[in-house]
Number of protein chains: 2
Amino acid sequence: MLKKERHDFIMRQINLHNRVLTSDLVQLLNVSEDTIRRDLQELVDENLLYKVHGGALSKSYHSSFDDSTVYARDSKIAIGKKAVQLIKDGMVVLTGGGTTILEFVKLLPQGLSATFFTISPLVAVELAKYNNIEVILIGGLFSKNSQVTYGGQVITQLSEIKADLCLMGTSAIHPDEGLTDTYWEINQLKKAMLACAKKTAVLCISEKLDIALRLRVCPIESISYLITELDLDHESLSRYVEKQLNIL
Amino acid sequence: MLKKERHDFIMRQINLHNRVLTSDLVQLLNVSEDTIRRDLQELVDENLLYKVHGGALSKSYHSSFDDSTVYARDSKIAIGKKAVQLIKDGMVVLTGGGTTILEFVKLLPQGLSATFFTISPLVAVELAKYNNIEVILIGGLFSKNSQVTYGGQVITQLSEIKADLCLMGTSAIHPDEGLTDTYWEINQLKKAMLACAKKTAVLCISEKLDIALRLRVCPIESISYLITELDLDHESLSRYVEKQLNIL
DNA sequence: TATATTATTGCAAAAACACGCAAATACACG
DNA sequence: CGTGTATTTGCGTGTTTTTGCAATAATATA
């Protein structure tokens, strides 16, 4: 088996299970521990996974608890500031959940008059602090992990909305694979959100760039704006610039 | 399970419940006490939590004074404790919003398995901390004052629900006038909530007794339980006892 | 205060790791 | 084709990390 094949295999395992054990890979791929270790190290160097004692973890897995702490808050604020520029008086905006979106909401100008649909209770509460923003919370099953509403009812309601702009956080974005996700329900949800907005902005801290997970939400071309904390000319973004994406 | 995964698991528990017990973690993660203790120590070193005798506490728990600023919190906790007695496994419960309900939710037993419908985002977030509770957030326009969803869409959705018990806070209750309210929309909302539950419990701190406002929600007879922080034989309750109300 | 629970410390075994080295293989170029 | 170079892989060695155990100390709860 070629090295590249092993690497691909490892990445597939990672995206499938969010983690791999060195010992498992030794058995599955039938090579020595050292080889696996070297493979993992090389993948780390390519910024594709996260190495820990005993194996490796998906970079996006990282987010599961980071979301609830104030992880990378500065970056998120930087992203929020950029996102605010997209919002104009009178707009109808649809937002997802997550801490990045929450930071964005906190940065909105006080006088803004707009209509916000959201699937995140916390975002709704934060939006309610603005007098001239009308807030509509889209109801349904409430996800304990991602703290947003989801399920059939949400998707039905989304289909009745026509928004000017959809703002969503992301678990993974990749220049070729586009937006991807791990959970089926969240995947469906994001698709529905995309479908009901004229334009979509993806808020994404840089460490989630260049990651592809199991389920495809949409190709990169379906996204109108990509907002990261990086400068436009940062090399990590070059592959996205090529794709004609509007990058803030 | 990898060490990093354990750490993430612990942090998730901490962020969810604001605290963890060492002994619980030992069982959940199936490792020795020493390992858990070392894990906690490492997380302390990373400045992610506080360690105390018996377990650990969330850092943000200490810095957020939200709890202590709740008006008449002791009374509300007393009410919450009584209300918890009404909840049994397998129930379908509908709740309104407000700080009293929120305190009640925090007092639910960990293992409870039930379905909760709610119009309050904050209640939904709090309920999501219980693994075996299914949470359905009823969506619609979001009220900046009362922090609950309201309006036609909410009422439509409520009409499709059949709950065993409805728990609501109240702005005013009076032995002759029953439940009353000031705002038309909230009034409509409460009527709809009452209509879809077999029984209704009203959570009410004593200072809201014997008050009648402009708009009538329902006569006192439509209420199944009245829960206050007072003892059953307190004189303020005598007029309600006469009305055959179940008083806790 | 007495008792049970929880912490701390040091230790040892097992597992995982890093490093250098050498054999095998693939590649480049005259 | 032959020779020199680079890459890949596995092995041996010593080191580090992780984990559980036991003995002792500290702390809660009655």
Side-chain angles (χ1 to χ4, degrees), chain A residues 1-62 64-66 69, chain B residues 1-62 67-68 74 77-78 81 84 106-107 109-111:
Chain A
M1 174 171 287
L2 294 155
K3 178 148 89 159
K4 182 82 171 76
E5 290 180 294
R6 277 203 317 272
H7 285 200
D8 288 350
F9 181 88
I10 294 172
M11 285 314 296
R12 209 160 39 242
Q13 293 291 314
I14 285 269
N15 289 333
L16 228 56
H17 305 114
N18 281 324
R19 65 165 213 175
V20 275
L21 303 184
T22 311
S23 53
D24 286 356
L25 289 174
V26 167
Q27 291 217 325
L28 286 167
L29 296 172
N30 212 37
V31 288
S32 77
E33 259 183 25
D34 302 68
T35 304
I36 294 298
R37 239 174 242 122
R38 270 185 288 246
D39 284 343
L40 293 179
Q41 187 53 53
E42 282 155 27
L43 292 168
V44 166
D45 293 343
E46 290 174 56
N47 229 330
L48 293 175
L49 49 73
Y50 193 12
K51 202 152 132 12
V52 295
H53 195 97
L57 296 172
S58 155
K59 282 186 75 182
S60 64
Y61 171 76
H62 209 49
S64 55
F65 90 88
D66 286 347
T69 63
Chain B
M1 175 170 288
L2 296 161
K3 178 151 89 158
K4 182 84 171 77
E5 291 180 296
R6 276 203 317 271
H7 286 196
D8 287 352
F9 181 89
I10 294 172
M11 285 313 296
R12 204 160 37 241
Q13 293 291 119
I14 284 269
N15 289 325
L16 236 50
H17 304 116
N18 283 324
R19 61 171 208 150
V20 275
L21 303 183
T22 311
S23 52
D24 286 355
L25 289 174
V26 167
Q27 290 218 325
L28 286 167
L29 295 172
N30 212 35
V31 289
S32 77
E33 257 182 26
D34 303 67
T35 303
I36 294 297
R37 255 186 221 107
R38 269 185 288 245
D39 284 344
L40 292 179
Q41 187 54 53
E42 283 157 27
L43 292 168
V44 166
D45 293 343
E46 291 175 55
N47 230 327
L48 293 174
L49 46 74
Y50 282 126
K51 205 150 113 42
V52 293
H53 195 95
L57 296 174
S58 157
K59 283 202 85 176
S60 52
Y61 176 73
H62 280 291
D67 280 352
S68 50
D74 292 343
I77 289 176
K81 280 184 184 160
V84 165
K106 289 179 183 167
L107 292 166
Q110 261 302 326

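Reminder, nothing fancy here: chain letters follow the sequence lines and each chain counts from 1. On a predicted model such as this, the values are computed, not experimentally measured, just so you know.
- Which of C:dT5, D:dG20, C:dA16 sits closest to the side chain of B:T35 comes down to D:dG20.
- When each of B:R38 and B:T22 is assigned the nucleotide of DNA chain C bearing its nearest heavy atom, the one mapping closer to the 5' terminus is B:T22.
- Between the NE2 atom of B:H7 and the P atom of D:dT17 there is a distance of 14 Å, given to the nearest Å.
- Comparing B:S32 and A:R6 by the nucleotide of DNA chain D whose heavy atom lies nearest to each, the residue mapping closer to the 5' end is A:R6.
- Here the side chain of A:R37 is nearest to one of D:dG10, D:dT17, C:dA18, namely C:dA18.
- Atom pair A:H53:NE2 and D:dT17:P shows a separation of 9 Å (rounding to whole Å applied).
- Taking CD of B:E42 as the start and CG of B:L49 as the end, the distance is 11.0 Å to the nearest 0.5 Å.
- In this structure, the NZ atom of B:K4 is 17 Å from the C1' atom of D:dT18, given to the nearest Å.
- Look at A:D8 and A:R12 and you find no salt bridge, because none of the NZ, NE, NH1 or NH2 atoms lies under 4.0 Å from a carboxylate O.
- Rounded to whole angstrom, the span from the CD1 atom of B:I36 across to the P atom of D:dC21 amounts to 14 Å.
- In this structure, the nucleotide among D:dT8, D:dT17, D:dT27 sitting nearest to the side chain of A:K3 is D:dT8.
- One donor-acceptor pair, N or O on each side, does fall under 3.5 Å between the base of D:dC21 and the side chain of B:D34.
- When each of D:dT9, D:dG10, C:dT8 is scored by its nearest atom to the side-chain atoms of B:K51, the top-ranked nucleotide is C:dT8.
- The CD-P distance, from A:Q41 to D:dT8, rounds to 15 Å in whole Å.
- Using a 4.0 Å heavy-atom cutoff across all strands shown, A:V52 reaches sugar-phosphate atoms only and no base atom.
- Between the CG atom of A:N30 and the P atom of D:dT8 there is a distance of 19 Å, rounded to whole Å.
- We find that CD of B:Q27 is positioned 15 Å from C1' of C:dT5, with the value rounded to whole Å.
- Following rounding to the nearest Å, B:D39 (CG) and C:dA7 (P) show an atom-to-atom distance of 13 Å.
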